[in-house]
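Read through the structure below, which is laid out as structure tokens, and then see the notes.
When a ligand or atom number is given, it counts from 1 through the structure's own listing order.
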Amino acid sequence: MFNLVKGTHDVILKDARKYSYIEVVLERAAELYGYKEFRTPIIETSELFLRSVGNSSDIVRKEMYTFDDKGGRSITLRPEITAGTIRSMVANKLFAMQDYPVKGYYCGPCFRYERPQQGRYRQFNQFGVECAGVIRSERDAEVISMGYNSLMMLGFKNLELKINTLGDEETRANYRAALKDYFAKYIDTMCDDCKERFKLNILRILDCKVENDRKIIDGAPKISDYLTEKAKADFDTILKNLDKLGIKYTIDPELVRGLDYYSGVVFEFHYTSSAGKNYGAIGAGGHYNNLVHEIGGPEIEGCGYAMGIERLASVMEDDNLFAEADIDQFLDVYIMPLGERAISESLSIANLIRMSGYTCDICLENKGMGQMFKKGERRDALYALIVGDNELDSHKFVLKNMLSQEQIEVNEDELIDKLDSLFAEDDDDDCCCGHDHHDGECCCEHEHHEEGCSCHEHQHDENCSCHEENDSECHCGWHNKE
Ligand code: ATP
Ligand code: MG
């Protein structure tokens, strides 16, 4: 037996389905806003992160997995994916046409050498977006609202958006000077990290979580008193646009974020579950002025955010937000062949079912009916298809709903039509209106069940990964198959 490396975890079976559900919804949300996917390497040169994430950040100071490869190059397992995404935009000359903004989304593993605890791993997954170009405040507001709406699409309610601005260069220079004056009086009593932050990047002190330091930080000058007219106007425009979009926020004057590249607006999405458990930040981001140039690109700005998939999944689990996602039902059909003849026929029956877009598995172990039902239950099958000698002779199968135990006889050549109508009925049952048939005059006010429904079962067109225009062609497994 080999143990897991400390701080890592396996994501398997239902958990893996939950992760991919989250990823599919977040990716689709990003595509709705015109973002395209970026898949960049997990290993990058260490220099990339020193330049971007910055040497005053906790990440660079203590959390990076850095090693020399056999050629003596310093390599780092990416602690975040913004730097690699921007590096790839530069390396692939995506800024050359000056067709701004360049919009990219990413999803994948990140590595940080942190103390493992609930919601904190050494290998974890991030989904994020970067929008680089000439970034007006309206664009910042668009990015923030996109993060917010993506979380809404996952079913998150009661989100708390915390927001602040780090202003422009002039703002930060004046504010740093004010912080220096203030903290100089207390720094000897503060933690070792703060002593180092005092020298490297004094803004970072505001991020300290040590209780004794927090009391001192509470009395520190607030950035809002140092904003230049321009920085103030930009922040106001962002807030006004968030108001227009109906997004509630709390201004948090101590929010500075842990990466050195931020300037302008910074934000975090916080969540407290319905049971009152606070998960802290499930996602966070901000505006950056110099990062693209620092990484070798033109002098353009950017805005982005990242979300931790592990944290999203655990909140969704606690708050039962996967209930809408059909995670539990895995196999549409489990074929139960009775005897050798049926076993040998079952592969082609399964093939037909699978090629019609239904998930299907076969019991090839030649078991009795009782044992096959147990296997079907363990595989989370919805329907059992019973095939024996009699069924093969008469070209009629028995189809049994494993949940309701109802069973019907189906002609072999009508099997797929029957599955189509059964799954269509199942979807009608799931509508928020509770009616079996949804005919346009329904109390739910949705003219077309598939298009307008809020029940999440039918947002095929908006959320689905399969890109089929038509519901009948959907194979994604998350949505209806009418
Ligand atoms: P925290 O304050 O929790 O350490 P952070 O500011 O370091 O978070 P970011 O670098 O902004 O986090 O990363 C974005 C998101 O990635 C976080 O909001 C969180 O959901 C997730 N995340 C960060 N570090 C970890 C980790 N070690 N394990 C799991 N998820 C993480
Ligand atoms: Mg951190």
> Below 4.0 Å from any atom of ligand 1, is there a heavy atom belonging to Gln126?
Replying inline: yes

> Using heavy atoms and a threshold below 4.0 Å, how should the contact between Ile282 and ligand 1 be classified: side chain, backbone, both, or neither?
Replying inline: backbone

> Looking at Asp58 and Arg112, does any basic side-chain N land under 4.0 Å from a carboxylate oxygen?
Replying inline: no

> Please state which protein non-hydrogen atom is closest to atom 4 (O) of ligand 1 and give its distance, to 0.1 Å?
Replying inline: Arg120 NH1, 2.9 Å

> Taking distance alone, with no angle check, do Glu310 and ligand 1 share an N/O pair under 3.5 Å?
Replying inline: no

>> Tell me the protein heavy atom at minimum distance from atom 8 (O) of ligand 1, and give that distance in Å.
In response: Arg311 NH1, 4.4 Å

> Atoms of ligand 1 less than 4.0 Å from Arg112 heavy atoms?
Replying inline: 5 (P), 7 (O), 9 (P), 10 (O), 12 (O), 13 (O), 23 (C), 24 (N)

>> Any salt bridge linking Glu31 with Arg28? Criterion: basic side-chain nitrogen under 4.0 Å from a carboxylate oxygen.
In response: yes

> Among protein heavy atoms, which sits nearest to atom 30 (N) of ligand 1, and what does the distance come to when rounded to 0.1 Å?
Replying inline: Phe124 CD1, 3.4 Å

>> Testing Arg204, Arg61, Lys199 one by one against Asp193 for a salt bridge (Lys or Arg N to Asp or Glu O under 4.0 Å), which residue passes?
In response: Arg61

> So, for Tyr279 and His270, is the gap between ring centers shorter than 6.0 Å?
Replying inline: no

Mind listing the side-chain donor-acceptor pairs of residues 205-216 below 3.5 Å, one per line with the distance, residues two or more places apart or on another chain?
| residue | atom | partner | partner atom | Å |
| --- | --- | --- | --- | --- |
| Asp213 | OD2 | Cys191 | N | 3.2 |
| Arg214 | NH1 | Leu206 | O | 3.0 |
| Arg214 | NH1 | Cys208 | O | 2.6 |
| Arg214 | NH2 | Glu254 | OE1 | 2.7 |

>> With a cutoff of 4.0 Å, is Arg257 in contact with ligand 1, counting heavy atoms of the residue only?
In response: yes

> How close does the nearest protein non-hydrogen atom get to atom 27 (N) of ligand 1, and which residue and atom is it?
Replying inline: Glu114 OE2, 2.6 Å

> By number and element, which atoms of ligand 1 are closer than 4.0 Å to a non-hydrogen atom of Gly119?
Replying inline: 28 (N), 29 (C), 30 (N)

> In terms of side-chain geometry, is the basic nitrogen of Asp328 or Lys14 positioned less than 4.0 Å from the acidic oxygen of its partner?
Replying inline: yes

> Taking 4.0 angstrom as the limit, do Glu63 and Arg115 come out as a salt bridge?
Replying inline: no

> Which residue owns the protein heavy atom closest to atom 2 (O) of ligand 1, what's the atom, and how far is it?
Replying inline: Lys209 NZ, 4.0 Å

> Which ligand 1 atoms are under 4.0 Å away from a heavy-atom of Gly283?
Replying inline: 18 (O)

> Taking the six-membered ring of Phe198, is NZ or CZ of Lys180 closer than 6.0 Å to its centre and within 45° of its axis?
Replying inline: yes

> Which of the atoms in ligand 1, numbered in the order shown and given with their element, are less than 4.0 Å from a heavy-atom of Tyr121?
Replying inline: 26 (C), 27 (N), 28 (N), 29 (C)

> Tell me, which protein residue and heavy-atom name are nearest atom 17 (C) of ligand 1, and how many Å apart are they?
Replying inline: Ala281 O, 4.1 Å

>> Using ring centroids (six-membered ring only for Trp), state whether Phe423 and Tyr358 fall under 6.0 Å.
In response: yes

> Should you measure from each heavy atom of Gly308, which atoms of ligand 1 turn up under 4.0 Å away?
Replying inline: 15 (C), 16 (O), 20 (O), 21 (C)

>> Tell me whether the NZ or CZ atom of Arg122 lies within the 45° cone about the ring axis of Tyr113 and under 6.0 Å from its centre.
In response: yes

